[in-house]
Every structure is written in structure tokens, then in C-alpha cells.
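First the structure, in the form of C-alpha cells, and then the observations on it.
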Amino acid sequence: MDVDDFPSEDNNFREILVNERLYYCDQSLPSKTKLVSYAGKNALEQPKFKLSVTNEGHSEYVTYYAIVELEGKRSRGSGRTKRNAEAAACNKYLNNDYLAVGDYLQLGNPVSAPSHKYPPGAKERSRKKTERFIERKRKE
């Protein structure tokens, strides 16, 4: 751990207790980033998110619900956007506010993740670009 990771008057780093582990984090970072960083620093799996939505047809009344799961513990958050719901769930997890056993997404319809993360053909273009780069480096 670097000296910069410890709290001081010059930075926003604070010590918090998450799931019986001390964690030094920058308070200015978003909750989801802090949780992913916590998982990485403690050699844990990445957090898993489940989303559901209510009043999907009425944009002024839509509410998203998110559950984040890490180390077998779950936290639930809600918000007007998917991002806000995930941030609320992460913030509750970081504050040790866990759900009891069970899945509490009864309200609303599940929100499915996109089937692919990249546009069609993007992986192939990226692979070719990487191959050209490697070939150029070998010639140098």
C-alpha cells in the first residue's frame, strides 16, 4: 500500500470498515467505483448486479431497483436511473447495510443486460488492429 493510500489532511482518502475489512478509499469516487476497487484490493470476485424496473411505460414515474452481490452478501438500492440504483446499492453495501436471505426484486420487471458488449465486428477490428501493432513492433 502506498503512502498516498493513507488518510491525510491533503487528500480525500478515508478509512472505512467494509464486511469486517479495513479499506482506504477516496471519498470523491462514485460508490460503484469504490466497491469494484474494494473487491480488487481484497482479491474478491467482481460485484454482480441485478436490475428491475417499475412503471417502465411512464418515464416520469419509472423506478429502477438494483441488488449488488459480493462475498455472498446483498444490498438493495433504488433510483430514477439504472446508474443511480446501482450507486445506491453499492453505497449500502459499503455501509454494511445488507439484505436478509432471499431475492427482493419482486417489484417490477427484470432488466436484462445486452447480449453483447461490443458492436458487431468491433472485436474482429480490434484483434486485427492489435495484430498490426504487434507486427510493427516486431519489425522495429
Side-chain angles (χ1 to χ4, degrees):
M1 198 168 278
D2 292 3
V3 174
D4 295 333
D5 290 344
F6 291 96
S8 75
E9 295 176 14
D10 299 339
N11 59 31
N12 280 336
F13 281 80
R14 299 292 179 260
E15 179 181 57
I16 59 175
L17 185 66
V18 180
N19 208 5
E20 300 179 5
R21 290 188 179 101
L22 284 178
Y23 171 58
Y24 295 94
C25 66
D26 186 348
Q27 294 296 85
S28 64
L29 292 175
S31 299
K32 189 172 180 180
T33 304
K34 285 191 267 188
L35 187 61
V36 169
S37 173
Y38 164 78
K41 286 185 178 183
N42 289 294
L44 305 171
E45 289 184 17
Q46 291 299 308
K48 295 177 185 157
F49 293 90
K50 290 183 184 178
L51 290 167
S52 72
V53 62
T54 58
N55 299 321
E56 196 169 6
H58 307 285
S59 61
E60 65 272 8
Y61 301 115
V62 71
T63 302
Y64 290 92
Y65 296 94
I67 287 183
V68 62
E69 183 176 356
L70 182 64
E71 298 183 275
K73 296 186 179 182
R74 296 176 176 185
S75 291
R76 179 178 187 238
S78 63
R80 295 290 305 261
T81 64
K82 293 177 191 178
R83 185 179 194 170
N84 289 349
E86 287 178 346
C90 290
N91 194 33
K92 285 185 177 182
Y93 188 95
L94 290 169
N95 289 315
N96 301 306
D97 186 7
Y98 308 119
L99 289 174
V101 177
D103 196 354
Y104 288 90
L105 284 177
Q106 299 102 340
L107 296 174
N109 305 319
V111 177
S112 60
S115 59
H116 55 27
K117 293 184 180 180
Y118 301 102
K123 283 186 178 182
E124 183 65 23
R125 286 190 302 271
S126 177
R127 187 187 60 76
K128 287 180 181 179
K129 186 177 177 181
T130 304
E131 286 175 357
R132 287 192 303 266
F133 175 77
I134 291 170
E135 190 62 35
R136 244 185 292 133
K137 288 296 180 180
R138 286 182 184 155
K139 288 180 182 178
E140 289 179 358

*Measure the spacing between CZ of Arg76 and NZ of Lys50 and express it to the nearest 0.5 Å.*
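Interatomic distance, Arg76 CZ to Lys50 NZ, rounded to 0.5 Å: 13.0 Å.
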*Say you draw a straight line from CG of Asn91 to CG of Asn84; how long is it, rounded to the nearest 0.5 Å?*
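If we round to the nearest 0.5 Å, Asn91:CG and Asn84:CG are 11.5 Å apart.
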Heavy atoms only: give me the nearest [X]-[Y] pair and the separation to one decimal.
X	Y	result
Ser31	Ala87	CB-O, 3.5 Å
Leu51	Ala66	CD2-CB, 3.5 Å
Asp26	Lys34	O-CD, 3.7 Å
Ala39	Pro47	CB-CD, 4.2 Å
Arg80	Val62	NE-O, 3.5 Å

*Answer yes or no: does atom CZ of Arg83 have more than 12 heavy-atom neighbours from other residues, nucleotides or ligands under 6.0 Å?*
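Result for CZ/Arg83: open.
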*Should the heavy atoms of other residues, nucleotides or ligands under 6.0 Å from CD of Glu45 be counted, would the total exceed 12?*
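No, not enclosed.
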*Donor-acceptor pair, Tyr93 side chain versus Leu70 backbone, under 3.5 Å?*
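Yes, Tyr93 side chain to Leu70 backbone: donor-acceptor pair under 3.5 Å.
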Residue list, side chain to side chain contact (heavy atoms under 4.5 Å, CB included) with [X], at least two apart or on another chain:
X	answer
Ser126	Thr130
Arg136	Phe133
Glu124	Arg127, Lys128

*Partner set under side chain to side chain donor-acceptor pair (under 3.5 Å) for Asn42, not counting sequence neighbours*: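 Residues passing side chain to side chain donor-acceptor pair (under 3.5 Å) with Asn42: none at all.
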*With sequence neighbours excluded, what pairs up with Lys32 under the side chain to side chain donor-acceptor pair (under 3.5 Å) test?*
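Once residues adjacent in sequence are excluded, the partners of Lys32 under the side chain to side chain donor-acceptor pair (under 3.5 Å) criterion are Glu86.
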*Should Cys90 and Lys92 count as side-chain neighbours, where that means a heavy-atom distance under 4.5 Å?*
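Answer no - side chains too far apart.
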*How about Glu71 and Val18: do any of their side-chain heavy atoms sit closer than 4.5 Å?*
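No, too far: nothing below the 4.5 Å cut-off.
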*Would you kindly confirm whether Leu29 and Leu94 end up in one hydrophobic cluster when ILVMFWY residues are joined by side chain heavy atoms under 4.5 Å apart?*
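Not linked; separate clusters.
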*Name all residues meeting the ring-ring contact (aromatic ring centres under 6.0 Å, His included) criterion together with Tyr23; count only those two or more places apart in sequence or in a different chain, and write none if there are none.*
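ring-ring contact (aromatic ring centres under 6.0 Å, His included) list for Tyr23, sorted by chain: Tyr38.
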